[in-house]
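Reviewing the structure listed below.
Both backbone and side-chain heavy atoms feed into the values below; hydrogens, waters and symmetry mates do not.
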Amino acid sequence: QVRLVESGGGLVQPGGSLRLSCAASGIIFSLYAMGWYRQAPGKQRELVATITSGGSTTYTDSVKGRFTISGDNAKRTVFLQMNSLKPEDTATYYCKADLRTLAAGRGDYWGQGIQVTVSS
């Protein structure tokens, strides 16, 4: 019953900005962390940024200083503010949640992915 739904992707010119959102719904007993991953054609999926329910964040080196991850625990929503976008940021972005349910225990849940294209 857990679902993660991403929104906010699209086409943007180099140097532009986008803000991604991911909302988790369903019967969630404990939410430990959420994060963003991305996958470009022909490449492996890579971690972009993570945030714990306590507010601790991590970023991959290539986005440090440009991207900011934040969250709203009450709404069980995570955001990714992406500034100074580069063509190499083009990818499908996936939201992930580390959480616990009664039925399945602790595990990772994934959104369906949303496209971000940076091109002039």
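The closest side-chain donor-acceptor pair between Tyr109 and Lys96, if any, does not fall under 3.5 angstrom. Under 3.5 Å, the side chains of Thr90 and Thr117 contain no donor-acceptor pair of N or O atoms. If you check the side chains of Tyr93 and Arg38, you find a donor sitting under 3.5 Å from an acceptor. Side-chain contact, Tyr32 with Arg100: a donor N or O sits under 3.5 Å from an acceptor N or O.
Remark: Asp89 does not engage Lys86 in a salt bridge, criterion side-chain N to carboxylate O under 4.0 Å.
The same ILVMFWY cluster, assembled from side-chain heavy atoms under 4.5 Å apart, contains both Leu20 and Ile51. Residue Met34 is grouped with residue Leu18 when hydrophobic side chains (ILVMFWY) are merged at heavy-atom distances under 4.5 angstrom, including chains of intermediate members.
Ser84 and Arg66 get closest at one heavy-atom pair: O-NH1, 3.0 Å. When every heavy atom of Ser17 is checked against every heavy atom of Asn83, the shortest pair comes out as OG-OD1, 2.9 Å. The two residues Val12 and Gly16 have their closest heavy-atom pair at CG2-CA, 3.8 Å. When every heavy atom of Gly9 is checked against every heavy atom of Ile114, the shortest pair comes out as N-CD1, 3.2 Å. In plain terms, the two heavy atoms of Val78 and Ser70 that are nearest each other are CG2-O, 3.2 Å. The two residues Ser120 and Pro14 make their nearest non-hydrogen contact at N-CD, 3.7 Å.
Looking at Tyr59, its side chain does come within 3.5 Å of a backbone N or O of Ile69 through a donor-acceptor pair. At distances below 3.5 Å, not a single donor-acceptor pair connects side-chain atoms of Gln1 with backbone N or O atoms of Ile27. Glu6 contributes a side-chain N or O that, together with a main-chain N or O of Cys95, makes up a donor-acceptor pair within less than 3.5 Å. For the pair Thr77 (side chain) and Lys75 (backbone), a donor-acceptor distance under 3.5 Å is present. No donor-acceptor pair under 3.5 Å is formed between the side chain of Arg3 and the backbone N or O of Gly111.
The OG1 atom of Thr58 sits 5.5 Å away from atom CG of Leu47, with the distance rounded to the nearest 0.5 Å. Between Leu31 atom CG and Thr101 atom OG1 the span is 12.0 Å, to the nearest 0.5 Å. To the nearest 0.5 Å, the span separating CG on Leu4 from CZ on Arg76 amounts to 11.5 Å.
When side chains are defined from C-beta on, Arg106 counts as touching Asp98, because their heavy atoms get closer than 4.5 Å. Within the 4.5 Å cutoff, no side-chain heavy atoms of Gln13 are placed close to those of Ser119. In this structure, Met82 and Val116 have side chains that are in contact, with non-hydrogen atoms separated by less than 4.5 Å. Looking only at side-chain heavy atoms (C-beta outward), Glu46 and Tyr37 stay at 4.5 Å or farther from each other.
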message: Walk me through whether Thr57 and Thr68 qualify under side-chain contact (heavy atoms from CB on, under 4.5 Å).
response: CA-CA 9 Å; Thr57 60; Thr68 302; over 6 Å; no
message: Would Trp36 and Phe67 count as a ring pair (Phe, Tyr, Trp, His ring centres under 6.0 Å) here? Give the steps.
response: CA-CA 11 Å; Trp36 292 95; Phe67 291 10; over 10 Å; no
field: side-chain hydrogen bond (donor to acceptor under 3.5 Å, both in side chains) assessment of Gln39 paired with Thr92
entry: CA-CA 5 Å; Gln39 187 167 23; Thr92 300; over 6 Å; no
